[in-house]
**Student:** 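There's a structure below that I have some questions on.
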Amino acid sequence: MTDTKAAKAAKAAKAENAAEAPEDGGKQPRSARVVLLALMIAMLLAMLDNMIVGTAMPTIVGELGGLEHLSWVVTAYTLATAASTPIWGKLGDMYGRKGVFMTSIVLFLIGSALSGMAQDMGQLIGFRAIQGLGAGGLMVGVMAIIGDLIPPRERGKYQGMMGGVMALAMIGGPLVGGTITDHWGWRWSFYINLPLGVVALVAISAVLHLPKKRAQARIDYLGAALLTAGITAIVLVTTWGGTEYAWGSAMIMELIGIGVASLVGFLFWQTKAAAPVMPLHIFRSRNFSLMSVIGFIAGFVMFGAVLFLPLYQQSVQGASATNSGLLLLPMLGAMLVTSMVAGRVTTSTGRYKAFPIVGSALMAVGLYLLSLMDTDTSRLTSGVYMAVVGAGMGCLMQITMLVSQNSVEMKDMGVASSSTTLFRTLGASFGVAIMGALFNSRVQDVMSERAGALGSKVTEQSAQLDAASLAKLPAAAREAYQHAVSAGTHSAFLLGAVVAVVALAAAVFVKEVPLRGAGASGEDTPSDSAPAPKATVTETV
């Protein structure tokens, strides 16, 4: 009887290993490639949405009205995404990643459909919040499932695919958004998510099989509430500070107080909770903590650059706003190439420490070069500077996730993925806010110096003028504004270069722990007390 059970178990294990074995001398099975394609579609949904919707916003306001609430269409989505990100990661660790990930896709699609049917600005804001809740689980789910399916040693070869999706979203988003809005109407900016999401759902449901889990501990509701309150306060401070409210206003001070109190309470409670939302023991790993810092700075720099580079090229170099996504092509192209190279080298050698160091150094140098741009800088020169920044970010964007996941036990894969994503998101919020405040202040100072009262009047509402407003200015005021934008971008990018030096300092202290799957172990290599159940994909015929 025992021998029969042992034989059956051995047969089942053999079948499972056969299903997981790569075909064609090490290539991923066809079903694994289908799953990866579905994951990339989900990742594209998460990254593309704001790019497309941003282009459609003038048309949306024209039909629905509510111009005074315009910023909330983006803020509601961003808040919901940031606040829900760590919770999705923890739920995946507790109850199984496949079901949680598919739930996040369904929630995102429901929010997309409702947003497309919105009849007024209030409804659109509410439905965008629902969409953002789903979006919070998309990126985390993609990264955590890849972490389950592919060992860290092999994961590098797929970095180019992820970098390509990021570049496609940033370049194609504004172009696709404009085309859809012009030909189909703004509602299709949301409806376009539905067919893509359904394809991802069907593929994942059919071929992806992950171990089912059922946690005995209850969800840490108090921890989730405290973290949500803290993240919400932080995002609102960075969104409203210097725009809706002065930095020293009572509202901003109250939000800072709420944020600090909530996060301190959250940290205290995580030491007491049975199943903490973000277990603090993951930060005992030096590499994980350092990658959190580097990821925060990468988000800070990247989204600041994406915001100010098109503004500079449109205002100073006279580029067309219609092709604003294409203006970033040198940066995003370099990011894609270096991401692919970094991934291939990491996979073939198992070594990765050089990439955070080289990436941070390139990022600092590139941002310093961008800070040197003035009204006479050519597009070729600015394109070369952007390529240097892009090369640095390509070395960092996926390596931070790879090393973070390699630094924790398999049971904490979701939490590690969500924490890394959250730090990058918060970095982006701080980058846009701080670099934006510095830019606005500098623009207004230079306009006052060069154009006097007229200059102050021109920028009193906003330091970022659109093409139509810029064309209406007198020649002297327009020239003054071009010098002001050059001065503003100089200050913003110089700050970015200083912040990138902090990432370089952090990268120096990264310890090169062998990647799981490389056949080596190190003192910092995480290990589970029991082997984790394997993730599999079914073979398709």
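Computed from a predicted model, the values in this text were never measured in an experiment. We use all heavy atoms of the structure for the numbers below, so side chains are in, but hydrogens, waters and symmetry mates are not.
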**Student:** Kindly indicate, with the supporting measurements, whether the criterion side-chain contact (heavy atoms from CB on, under 4.5 Å) is fulfilled by L280 and T271.
**Tutor:** CA-CA 7 Å; L280 301 184; T271 63; 3.9 Å; yes
**Student:** How many angstroms lie between CE in M447 and OH in Y481, if you round to the nearest 0.5 Å?
**Tutor:** 8.0 Å
**Student:** Sub-3.5 Å donor-acceptor pair from the side chain of S189 to the main-chain atoms of W186, do we have one?
**Tutor:** yes
**Student:** With no hydrogens and no angle check, is any side-chain donor or acceptor of K90 less than 3.5 Å from a backbone partner on G414?
**Tutor:** no
**Student:** Say you draw a straight line from CD1 of I399 to CG of L396; how long is it, rounded to the nearest 0.5 Å?
**Tutor:** 8.5 Å
**Student:** Going by side-chain hydrogen bond (donor to acceptor under 3.5 Å, both in side chains), name the residues that satisfy it together with W269, two or more places apart in sequence or in a different chain.
**Tutor:** D220
**Student:** Identify, with sequence neighbours excluded, every residue that meets side-chain contact (heavy atoms from CB on, under 4.5 Å) alongside T375.
**Tutor:** V316, Q482, H483, S486
**Student:** Could you walk me through whether F190 and L124 pass the side-chain contact (heavy atoms from CB on, under 4.5 Å) check?
**Tutor:** CA-CA 11 Å; F190 299 104; L124 180 60; 3.9 Å; yes
**Student:** Using side-chain heavy atoms (C-beta onward) and a distance below 4.5 Å, is F300 in contact with I434?
**Tutor:** yes
**Student:** Do F493 and L309 touch side chain to side chain, with heavy atoms closer than 4.5 Å?
**Tutor:** yes
**Student:** Strictly by ring pair (Phe, Tyr, Trp, His ring centres under 6.0 Å), give each pair with a member in residues 225-254 just once, sequence neighbours left out.
**Tutor:** W72-W240, W240-Y245
**Student:** Side-chain contact, heavy-atom cut-off 4.5 Å: V277 with Q270?
**Tutor:** yes
**Student:** Which residues pass the side-chain hydrogen bond (donor to acceptor under 3.5 Å, both in side chains) test with S104, not counting sequence neighbours?
**Tutor:** none
**Student:** Can you sort out the partners of F430 under ring-ring contact (aromatic ring centres under 6.0 Å, His included), two or more places apart, ordered by chain and number?
**Tutor:** F296
**Student:** Check side-chain contact (heavy atoms from CB on, under 4.5 Å) between S84 and all other residues, then give those that pass, not counting sequence neighbours.
**Tutor:** W88, L133
**Student:** Between T421 and T85, do the side chains contain an N or O donor and an N or O acceptor separated by less than 3.5 Å?
**Tutor:** no
**Student:** With sequence neighbours left out, what residues match T400 under side-chain hydrogen bond (donor to acceptor under 3.5 Å, both in side chains)?
**Tutor:** R424
**Student:** Could you walk me through whether T239 and T78 pass the side-chain contact (heavy atoms from CB on, under 4.5 Å) test, one step at a time?
**Tutor:** CA-CA 10 Å; T239 302; T78 305; 6.0 Å; no
**Student:** How long is the straight-line distance from OG of S289 back to CZ of F509, given to the nearest 0.5 Å?
**Tutor:** 13.5 Å
**Student:** Given side-chain contact (heavy atoms from CB on, under 4.5 Å), test M143 with T420 step by step and report yes or no.
**Tutor:** CA-CA 10 Å; M143 296 301 180; T420 304; over 6 Å; no
**Student:** Applying side-chain contact (heavy atoms from CB on, under 4.5 Å), name anything that partners A428, two or more places apart in sequence or on another chain.
**Tutor:** F303
**Student:** What is the distance from atom CD1 of I252 to atom CD1 of I256, rounded to the nearest 0.5 Å?
**Tutor:** 7.0 Å
**Student:** Any side-chain to backbone donor/acceptor pair from N440 onto V443? Under 3.5 Å, distance only.
**Tutor:** no
**Student:** Please report the closest heavy-atom contact between A144 and M413, naming both atoms and the distance.
**Tutor:** O-CG, 3.9 Å
**Student:** Let me confirm one number: the OG1-CD distance from T377 to Q313, rounded to the nearest 0.5 Å.
**Tutor:** 10.5 Å
**Student:** Would a 4.5 Å heavy-atom cut-off, applied to side chains only, mark M117 and Q123 as touching?
**Tutor:** no
**Student:** Identify the heavy atoms of S360 and A507 that sit nearest to each other, and give their distance.
**Tutor:** OG-CB, 4.2 Å
**Student:** Could you tell me whether a side-chain N or O of T238 sits under 3.5 Å from a main-chain N or O of V235, the two making a donor and an acceptor?
**Tutor:** yes
**Student:** With a 4.5 Å limit on heavy-atom distance, are the side chains of L226 and L263 in contact?
**Tutor:** no
**Student:** Would you check if the side chain of D93 reaches a backbone N or O of V415 as a donor-acceptor pair within less than 3.5 Å?
**Tutor:** yes
**Student:** On a heavy-atom basis, which atom in F108 and which in L45 lie closest, and how many Å separate them?
**Tutor:** CZ-O, 3.8 Å
**Student:** Are more than 12 heavy atoms from other residues, nucleotides or ligands located less than 6.0 Å from atom OH of Y368?
**Tutor:** no
**Student:** Could you tell me whether a side-chain N or O of S419 sits under 3.5 Å from a main-chain N or O of A416, the two making a donor and an acceptor?
**Tutor:** no
**Student:** Please answer whether the main-chain N or O of A135 pairs with a side-chain N or O of Y77 as donor and acceptor at a distance below 3.5 Å.
**Tutor:** no
**Student:** Is a side-chain donor or acceptor of D412 paired with a backbone partner of V408 at a separation under 3.5 angstrom?
**Tutor:** no
**Student:** Indicate yes or no: at least one non-hydrogen side-chain atom of M291 is less than 4.5 angstrom from one of P356.
**Tutor:** yes
**Student:** About how many Å separate CD1 of I258 and CD of E254, when rounded to the nearest 0.5 Å?
**Tutor:** 6.5 Å
**Student:** Search all heavy atoms of G392 against all heavy atoms of L362 and return the closest pair with its distance.
**Tutor:** CA-CB, 3.7 Å
**Student:** Could you pull out all residues at least two apart from F283 that satisfy ring-ring contact (aromatic ring centres under 6.0 Å, His included)?
**Tutor:** F288
**Student:** Among all residues two or more places apart in sequence or in another chain, which pass the side-chain hydrogen bond (donor to acceptor under 3.5 Å, both in side chains) test with S491?
**Tutor:** none
**Student:** Write down the atom of V301, the atom of G496, and the distance for their closest heavy-atom approach.
**Tutor:** CG2-O, 4.0 Å
**Student:** Would you say the side chain of S404 lies within less than 4.5 Å of the side chain of N287, judging by non-hydrogen atoms?
**Tutor:** no
**Student:** If we ignore hydrogens and angles and just use 3.5 Å, is the side chain of Q131 paired with the main-chain N or O of F127 as donor and acceptor?
**Tutor:** no
**Student:** What pairs meet the salt bridge (charged side-chain N to carboxylate O under 4.0 Å, His left out) rule with one or both residues in residues 116-137, with sequence neighbours excluded?
**Tutor:** D49-R128
**Student:** Mind checking what makes salt bridge (charged side-chain N to carboxylate O under 4.0 Å, His left out) contact with R442, not counting sequence neighbours?
**Tutor:** none
**Student:** Between V142 and M43, which heavy-atom pair has the shortest distance, and what is it?
**Tutor:** CG2-N, 4.0 Å
**Student:** With a 4.5 Å limit on heavy-atom distance, are the side chains of I105 and L138 in contact?
**Tutor:** yes
**Student:** For the side chain of Y191 and the backbone of G116, is there at least one donor-acceptor N/O pair under 3.5 Å apart?
**Tutor:** yes
